[in-house]
2 protein chains.
Amino acid sequence: MRQIAGEVGVQAGALYNYTPDKQSLLFRLMRDHMDGLLAARAERGDGGGALDRLEDFTRFHIRYHIERPNEVFIAYMELRNLEPENFAVIERLRGEYESELEGILRDGVAEGVFHLTDPKIASLAVIAMLTGVNTWYRPQGRLTLDDVETLYWDMVRGAVGAAV
Amino acid sequence: MRQIAGEVGVQAGALYNYTPDKQSLLFRLMRDHMDGLLAARAERGDGGGALDRLEDFTRFHIRYHIERPNEVFIAYMELRNLEPENFAVIERLRGEYESELEGILRDGVAEGVFHLTDPKIASLAVIAMLTGVNTWYRPQGRLTLDDVETLYWDMVRGAVGAAV
DNA sequence: AGGCTATATGAACGGATGTTCAGAAAAAAG
DNA sequence: CTTTTTTCTGAACATCCGTTCATATAGCCT
């Protein structure tokens with residue numbers, strides 16, 4: 001708390017005009033992040049075939065997460081510091097987001113364009129793969145964000161068994 | 001330290017007969033984990049074509065990590081608590097492991113069995129995907145470890161552009 | 001200008017942390 | 001059994017942490 005206050009340019013006590021305690025601050029940070037993610041995702045049109053929707057999801061996920069490295073870092077590293085009740089809320093939101101992808105995968109299987117025996121597991125695998133970009137991507141690196149999106153889209157398309 | 005001592009059944013001070021300080025304890029834990037991982041990996045035969053070697057890597061990675069959830073958890077969550085010098089050592093070991101996979105992918109591209117424009121990125125993507133199993137797998141779940149291995153192998157094979 | 005509300009300070013609190021160390025206890029060696 | 005070595009205890013240390021609160025400051029309204 002003293003560190004946060006320091007970066008804001010204020011004493012630690014002053015923070016308690018804005019949050020009842022540290023746990024609430026962390027929770028609101030993480031819930032706002034998930035709300036923002038779900039809202040931004042909802043803005044994307046969900047029309048078209050499963051293949052197009054999966055490509056859109058892939059590019060969206062990478063871009064949204066890369067643009068918010070701090071939130072993403074906290075969302076993953078501080079999960080264990082949430083009180084059980086707060087943890088449950090965040091996990092539910094995360095589940096909602098995963099269901100978005102799972103729905104696309106199921107539709108694609110139904111369309112016959114994806115070949116997956118377990119869309120639920122596949123959605124977790126794809127999200128893990130995509131979120132992994134945050135651990136190595138550097139804006140000044142050799143790849144543009146567009147390059148990265150395309151590379152990952154190729155891999156995701158293959159992973160779900162879509163034709164080349 | 002008091003918590004660790006408690007689980008061992010000893011007072012905190014006694015731990016300092018076995019480690020000079022907390023940082024060394026964490027570092028040794030993580031280095032031993034990486035050493036073990038590399039050693040276990042080295043024991044696997046590296047003969048055969050790239051496709052077989054990739055399948056072996058996939059199954060090996062999932063199984064080795066699932067059998068050591070605590071070490072893996074610490075290896076990921078406590079990275080930021082390593083002093084720079086120690087961090088560099090762990091990162092180098094991790095790089096060694098990633099290079100194993102990258103080598104397989106490069107060989108597969110050379111053989112014409114994989115279709116990847118960037119084997120380095122692909123290796124990171126595959127490892128992220130595989131390690132993700134640790135976040136959801138539960139031994140009493142609906143899938144056996146063998147099921148999981150096979151599901152992921154199907155996805156990995158597709159992701160690297162291998163023929164079905 | 002004066003009063004009111006919102007916000008900030010700075011010291012203090014109780015408790016947790018990593019670490020040290022003199023002395024007790026336990027184990028090994030003779 | 002006695003001595004020596006290894007291991008453990010229990011208290012103490014300095015420092016850090018989240019949080020509270022009386023007091024001071026700042027901004028706004030009339």
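Sequence lines set the chain letters: A, B, ... in the order given, protein chains first and strands last, and positions in each chain run from 1.
Evaluated for a side-chain contact (heavy atoms from CB on, under 4.5 Å) with A:Glu102, the options A:Glu100, A:Glu98, A:Arg106 yield exactly one hit, A:Arg106.
Picking from C:dT19, D:dC8, D:dT19 the nucleotide with the shortest atom distance to the side chain of B:Val10 gives D:dC8. Among the nucleotides C:dG18, D:dC8, C:dT9, the one closest to any side-chain atom of A:Ala14 is C:dT9. Of the candidates C:dG18, D:dC8, D:dT20, the closest approach to any side-chain atom of A:Tyr16 belongs to D:dT20. Taking every side-chain heavy atom of A:Lys22 into account, D:dT19 is the closest of C:dT19, D:dT19, C:dT9. Side chain of B:Gln11, nearest nucleotide from D:dG18, D:dT9, C:dT9: D:dT9. For B:Asn17, counting side-chain heavy atoms from C-beta on, the closest listed nucleotide (C:dT19, C:dT9, D:dC8) is D:dC8.
Atom CZ in B:Arg2 sits about 11 Å away from atom C1' in D:dC13, given to the nearest Å. Atom CE of B:Met1 is separated from atom P of D:dA11 by 20 Å (rounded to the nearest Å). In this entry the distance linking CD of B:Gln23 with C1' of C:dT19 reads 15 Å, nearest Å. Rounded to whole angstrom, the span from the CD atom of B:Gln3 across to the P atom of C:dT17 amounts to 7 Å. Rounded to whole Å, the distance from CG on B:Leu15 to P on D:dT7 is 13 Å.
A heavy-atom distance below 4.5 Å is found between the side chains of A:Leu54 and A:Leu101. In this structure, A:Met77 and B:Glu78 have side chains that are not in contact, with every pair of non-hydrogen atoms separated by 4.5 Å or more.
Look at B:Tyr18 and you'll find a side-chain N or O under 4.0 angstrom from OP1 or OP2 of D:dC8.
The CG atom of B:Leu82 lies 11.5 Å from the CZ atom of B:Arg31; values are rounded to the nearest 0.5 Å.
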